[in-house]
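The figures that follow rest on heavy atoms only: side chains count, while hydrogens, waters and symmetry mates do not. Position 1 is the first residue of the sequence; numbering continues from there. Not measured: the values here are computed from a predicted model.
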Amino acid sequence: QTQLVESGGGLVQPGGSLRLSCTASGFTLNYFTVGWFRQTPGKEREGVSCISNSDDSTVYADSVKGRFTISRDNAKNTVYLQMNSLKPEDTAVYYCAATRSLIFTPRAMEYWGKGILVTVSS
């Protein structure tokens with residue numbers, strides 16, 4: 001079965017950290033650009049970060065630069081998103097996605113995870 005499965009979400013206090021994991025089954029992630037989107041009620045899904053399949057270069061949204069780090073472990077067929085210094089505005093459902101396209105937008109994604117909730121609150 002071809003799928004992406006996210007894990008690691010939950011409730012954390014402001015200033016805290018979480019690490020999200022995205023594990024693929026049925027296909028090999030290192031052939032794909034992989035990243036994370038997030039969405040809150042009433043808003044469009046926004047790109048958070050991605051890591052390329054060619055040279056592992058990374059891109060971050062301005063809102064998370066310096067706080068989030070994306071990485072991949074090809075042996076585990078997994079991509080991680082380390083989230084530090086979390087803020088209440090980071091609260092969202094986070095989706096892992098993968099594409100062989102050069103464009104990292106929701107419409108260009110070939111595979112999606114089901115999403116995982118991250119809540120930043122005291």
Side-chain donor-acceptor pair present, T33, S52, cut-off under 3.5 Å: no
For N84 and S17: C-alpha separation, side-chain torsions, deciding distance, then whether side chain to side chain donor-acceptor pair (under 3.5 Å) applies. CA-CA 4 Å; N84 298 330; S17 298; 2.9 Å; yes
Contact summary for L117 and A92, nearest pair of heavy atoms: CD1-O, 3.6 Å
Between the side chains of S57 and D55, does any donor sit under 3.5 Å from an acceptor? yes
Are F27 and W36 joined in one hydrophobic group, where the rule is that I, L, V, M, F, W and Y side chains link up if heavy atoms are under 4.5 Å apart? yes
Taking every heavy atom of G9 against every heavy atom of I116, the minimum-distance pair comes out as N-CD1, 3.2 Å
Kindly work out whether a path of hydrophobic side-chain contacts (I/L/V/M/F/W/Y, heavy atoms less than 4.5 Å apart) joins Y111 to Y95. no
Look up atom CZ in R67 and atom NZ in K65, then write down how far apart they are to the nearest 0.5 Å. 12.5 Å
Linked, directly or transitively: V12 and V64 (ILVMFWY side chains, under 4.5 Å): yes
Please confirm whether the backbone N or O of I103 pairs with a side-chain atom of T105, one donor and one acceptor, at under 3.5 Å? no
Give the minimum heavy-atom separation between G26 and T2, together with the two atoms involved. O-OG1, 3.9 Å
Any donor and acceptor pair, going by atom type alone, linking the side chain of Q1 with main-chain N or O of S25 inside 3.5 Å? no
Looking at CG of L29 and SG of C96, how far apart are the two atoms once the value is rounded to the nearest 0.5 Å? 6.5 Å
Is there a donor-acceptor contact under 3.5 Å linking the side chains of R19 and Y80? no
Output the distance between atom OG (S101) and atom CD (E110), rounded to the nearest 0.5 Å. 8.0 Å
Donor-acceptor pair, side chain of T91 and main chain of V120, under 3.5 angstrom: yes
CZ/R38 to CD/E89 distance, rounded to the nearest 0.5 angstrom? 8.0 Å
Donor-acceptor contact present, side-chain Y94 to main-chain V48, <3.5 Å: no
Determine, for D90 against K87, whether the closest basic-nitrogen to carboxylate-oxygen distance falls under 4.0 angstrom. no
Minimum heavy-atom separation for F104 to S49, with atom names? CE2-O, 3.9 Å
State whether F37 and R45 meet the cation-pi test: NZ (Lys) or CZ (Arg) under 6.0 Å from the six-membered ring centroid, and within 45° of the perpendicular axis. no
Does N77 offer a backbone N or O that forms a donor-acceptor pair with the side chain of N74 under 3.5 Å? no
Tell me whether Y60 shares a hydrophobic cluster with V118, the cluster being built from Ile, Leu, Val, Met, Phe, Trp, Tyr side chains joined at under 4.5 Å. yes
Between G47 and A61, the two heavy atoms sitting closest are O-CB, 3.5 Å
What I'd like to find out is whether the side chain of P14 reaches to under 4.5 Å of the side chain of P88, using heavy atoms alone. yes
Side chain to side chain donor-acceptor pair (under 3.5 Å) assessment of T78 paired with T23: CA-CA 4 Å; T78 298; T23 300; 2.9 Å; yes
Given E6 and K114, is the salt bridge (charged side-chain N to carboxylate O under 4.0 Å, His left out) satisfied, shown in steps? CA-CA 7 Å; E6 302 102 336; K114 293 182 178 180; over 6 Å; no
Any chance you could measure D56, atom CG, to I51, atom CD1, to the nearest 0.5 Å? 4.0 Å
Can you tell me how far CG of N53 sits from OG1 of T28, rounded to the nearest 0.5 angstrom? 12.0 Å
Common cluster, M109/V93, ILVMFWY with side-chain heavy-atom separation under 4.5 Å: yes
